[in-house]
Amino acid sequence: KKEEAEAKPEEDHYCDMLCCKFKKPPLKKYMTYLQLPDSIDSYTDRRYVAWLMLVTLAYNWNCWFIPLRFVFPYQTPSNTIYWVAIDIICDICYLCDLLVFQPRVQFLKGGDIISDKVEMKKFYHSSMKFRLDVISVLPFEVLYIFFGFNPAFRANRMLKHNTFFEFNDRLEAILDKAYIYRVIRTTGYLLFILHINACLYYWASDYEGLGSTRWVYDGQGNMYLRCYYWAVRTLITIGGLPEPQTLFEIVFQLLNFFLGVFVFSSLIGQMRDVIGAATAGQNYYRSCMDNTVSYMNTYSIPKVVQNRVRTWYEYTWDSQGMLDESELLEQMPTKMQLAIAIDVNFAIVNKVDLFKGCDTQMIYDMLLRLKSIVYLPGDFVCKKGEIGREMYIIKQGEVQVLGGPDGTKVLVTLRAGAVFGEISLLAAGGGNRRTANVVAHGFANLFILDKKTLNEILVHYPDSEKLLMKKAKYVLITVSKSHCLAAEQTVVYKKFTSQKH
C-alpha cells in the first residue's frame with residue numbers, strides 16, 4: 001500500500017476563473033521557494049540581490065527626499081501622513097535587513113566559507129556595517145513630539161550606504177552588459193549632486209529672503225525646477241546668471257564653482273573609464289584591423305586579398321566577439337578553463353567517432369589544447385599531397401571534400417561535429433600526406449589539433465593510444481582500398497576516352 005501511495009502522481013492544481021481552468025503550482029512550492037535559508041550566499045543567491053534592491057530603493061528615497069522635504073515647503077500638515085507612511089515602510093525594510101538578512105550572510109575566514117548561524121551573527125555584529133546599520137535605524141523621530149515633523153531628524157537614514165554599494169557590486173556581477181548599468185549609475189550620481197545643489201540654493205535664497213536680490217530665487221514658477229536649472233548652470237559653469245550681491249552670496253557662489261570643477265572632473269573621468277572599459281574589445285579589434293590594412297597597403301597587397309582579410313576580421317569579430325578565444329581564457333586557472341571548455345565544446349568533440357571509447361580525461365585535456373580558427377568561403381583548409389600535421393573538427397559551418405579527375409567534384413559535404421585530417425595525424429612514417437582537397441563552403445569555424453599536441457596527451461593515456469592506433473589502421477586500410485578503386489576507375493576512364501578518340 002505504501003508503494004502504491006508513493007507511485008501515485010501528484011494531483012494537478014487548477015484555478016477556476018471565468019468558466020476556464022488554469023493550472024497553477026501548489027502554494028507549498030511558492031512557500032518553499034520564498035522560505036529564507038539558514039545561510040545566504042551573497043554571490044549566487046538572486047533572492048538576496050532582489051532584497052538588496054528593495055533596501056536600495058528605500059535608501060534612495062531617504063537620500064533624495066529628506067533634503068528636499070527639509071528645504072522646500074513640500075511637506076505640509078495636510079500631506080504629512082503620506083510622507084510618514086512611506087517613511088515607516090522604508091524603516092521596516094531597514095529593520096528587516098538588520099535583524100533578518102544580514103546576520104544570515106555567509107563570509108570567508110581563512111579561505112573557508114562560514115555558514116554557522118552563531119559565527120555569522122558574531123561576524124556581522126563585529127563589523128562597521130552593523131554599527132552604521134544600527135545608527136541608521138535609531139528612532140530620532142521621537143523628537144517630532146517636541147519640535148514638530150522636521151525631516152532633518154531622519155538624516156541618520158542616509159548612513160546605510162554600504163548596502164547601496166553592495167547592491168551595485170552584486171548586480172554588476174550578474175548582468176550581461178554591466179557597463180550600461182555603470183553609465184546609468186554615474187549619471188544618477190550627477191543628477192543627485194545637482195539635486196543637492198538645488199536644495200542648497202533654495203535654502204540660501206530662503207536665508208537671504210526670496211526675491212530680496214537679483215541673485216536669489218524670486219519665488220515665481222515651479223520652485224524645484226527653477227532651482228535645479230540654476231544648479232545645472234552653476235555647477236557646469238555655463239554662466240549668464242545674475243551676479244551675487246552680498247558677501248554671503250559671493251562666498252556661496254565661489255564654493256559652488258570650486259565644487260563644480262572638482263565634481264565634474266571626477267564624474268567625467270569616471271564616465272570615460274566606464275565607456276573605455278566597455279569599448280576596450282572593440283577598440284582592440286579596430287586597432288588590429290587598421291594595422292593589418294596599413295601593412296597590406298605598405299607592401300601593395302592586391303585588393304582581392306585585402307578584401308578577404310577585412311571579411312575575416314569582420315566575421316570573426318561578429319561571430320565570437322573577439323579575435324582569439326584563447327587570450328580570454330589564459331588568465332583563468334586551468335580548472336576554470338576546463339569547465340568553460342566542457343560547457344562550450346565537449347558536446348561537439350564527444351560526438352566524434354574517432355574518440356568514442358577513449359578516456360574521458362584524455363578528451364578533457366584535448367579540449368584545452370584545441371585552437372579555434374575561421375575560414376572564409378572558398379578557402380582551402382588543406383590540399384591533396386601536402387604534409388598533414390593537424391586534425392580538424394568542424395565547430396560551425398560546412399566544408400566540402402573535392403576529388404575526381406580534375407579535383408573539382410564534391411565527394412562529400414561535412415557539417416558540424418564531423419572530423420577530417422585524422423589520417424595524417426595518426427599515420428606513422430611517411431603516410432601523413434593529405435589525400436584530398438578540403439574547401440570551406442561558406443564561413444566555417446574549425447577546431448585544430450596538431451600532431452605534436454596529441455602525442456603529448458597520449459603519453460599519459462596508453463589505453464586510449466592503443467584504441468586510436470587500431471582505429472587508424474582500420475581507416476588507413478579503408479582509404480587505401482578506396483584509392484585503389486579510384487585509380488582503377490581513372491585508368492578505365494582514360495582507356496575509354498582514348499578508344500573514343
Side-chain angles (χ1 to χ4, degrees), residues 33-61 63 93-94 96-98 100-116 119-120 123-124 127-130 132-133 136 159-192 266-267 269-284 320-322 324-345:
Y33 179 76
L34 295 175
Q35 186 178 2
L36 198 63
D38 294 334
S39 63
I40 300 173
D41 185 357
S42 60
Y43 293 96
T44 59
D45 197 333
R46 299 293 179 89
R47 292 173 296 180
Y48 179 68
V49 178
W51 170 253
L52 289 180
M53 181 179 69
L54 186 62
V55 179
T56 300
L57 290 175
Y59 172 75
N60 276 278
W61 167 268
C63 287
C93 292
Y94 277 31
C96 289
D97 188 60
L98 172 68
V100 180
F101 283 88
Q102 294 303 325
R104 297 171 184 259
V105 177
Q106 300 173 3
F107 67 96
L108 294 176
K109 184 178 181 181
D112 297 330
I113 300 176
I114 307 301
S115 58
D116 182 71
E119 293 293 330
M120 288 187 297
F123 179 78
Y124 175 57
S127 64
M128 178 59 70
K129 183 179 181 181
F130 171 74
L132 293 176
D133 289 349
S136 66
L159 293 176
K160 202 174 177 62
H161 56 273
N162 287 327
T163 302
F164 172 74
F165 292 115
E166 183 183 4
F167 169 70
N168 290 330
D169 295 338
R170 298 293 174 264
L171 186 61
E172 288 182 10
I174 63 177
L175 289 177
D176 293 332
K177 296 182 178 180
Y179 66 89
I180 297 178
Y181 176 72
R182 294 190 191 107
V183 171
I184 296 174
R185 185 184 63 199
T186 306
T187 306
Y189 291 157
L190 173 61
L191 296 177
F192 178 72
S266 301
L267 290 178
Q270 185 176 356
M271 189 73 75
R272 182 199 60 191
D273 294 339
V274 170
I275 297 175
T279 59
Q282 184 77 17
N283 294 335
Y284 174 73
Q320 299 180 169
M322 62 191 72
D324 188 0
E325 294 179 349
S326 60
E327 292 181 358
L328 180 67
L329 302 177
E330 283 178 355
Q331 300 176 355
M332 297 183 181
T334 306
K335 294 295 183 181
M336 289 187 180
Q337 293 183 29
L338 178 60
I340 295 176
I342 290 173
D343 291 336
V344 176
N345 303 323

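For this chain, numbers begin at 1 and follow the sequence in order.
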* Asked: Do the side chains of Leu171 and Met53 get nearer than 4.5 Å, heavy atoms only?
  -> no
* Ser127: side-chain contact (heavy atoms from CB on, under 4.5 Å) partners, not counting sequence neighbours -> Tyr124, Lys129, Phe130
* Side chain proximity check, Met271 to Leu190, heavy atoms < 4.5 angstrom -> no
* How about Leu54: does its CG atom have over 12 heavy atoms from other parts shown lying under 6.0 Å from it? -> yes
* Does a side-chain heavy-atom distance below 4.5 Å link Asp133 with Lys160? -> yes
* Using the salt bridge (charged side-chain N to carboxylate O under 4.0 Å, His left out) rule, collect all pairs that involve residues 100-112, keeping only residues at least two apart or in two chains. => none
* CD/Gln102 to CD/Glu166 distance, rounded to the nearest 0.5 angstrom? -> 5.5 Å
* **Close side-chain approach of Met120 and Val105, heavy atoms under 4.5 Å** => no
* Working to the nearest 0.5 Å, report the span between CG of Leu191 and OG1 of Thr186. => 11.0 Å
* Does any N or O in the side chain of Asn60 come within less than 3.5 Å of the main-chain N or O of Thr56, such that one atom is a donor and the other an acceptor? -> yes
* Structure fact -> Rounded to the nearest 0.5 Å, the CG atom of Leu159 sits from the SG atom of Cys63 at a distance of 9.0 Å
* Structure fact -> CG (Asp38) and CG (Asp116) are apart, to the nearest 0.5 Å, by 10.5 Å
* To do: Starting at CD of Gln270, measure out to CZ of Arg272 and round the result to the nearest 0.5 Å.
  => 11.0 Å
* Structure fact -> Here the ring-ring contact (aromatic ring centres under 6.0 Å, His included) pairs for residues 164-191, sequence neighbours left out, are Tyr59-Phe164
* Would you indicate whether the side-chain heavy atoms of Asp45 and Pro37 approach each other to under 4.5 Å? => yes
* **Ile114 and Leu108, any side-chain heavy atoms less than 4.5 Å apart** => no
* **CZ on Phe101 to CH2 on Trp51, rounded to 0.5 Å** => 5.0 Å
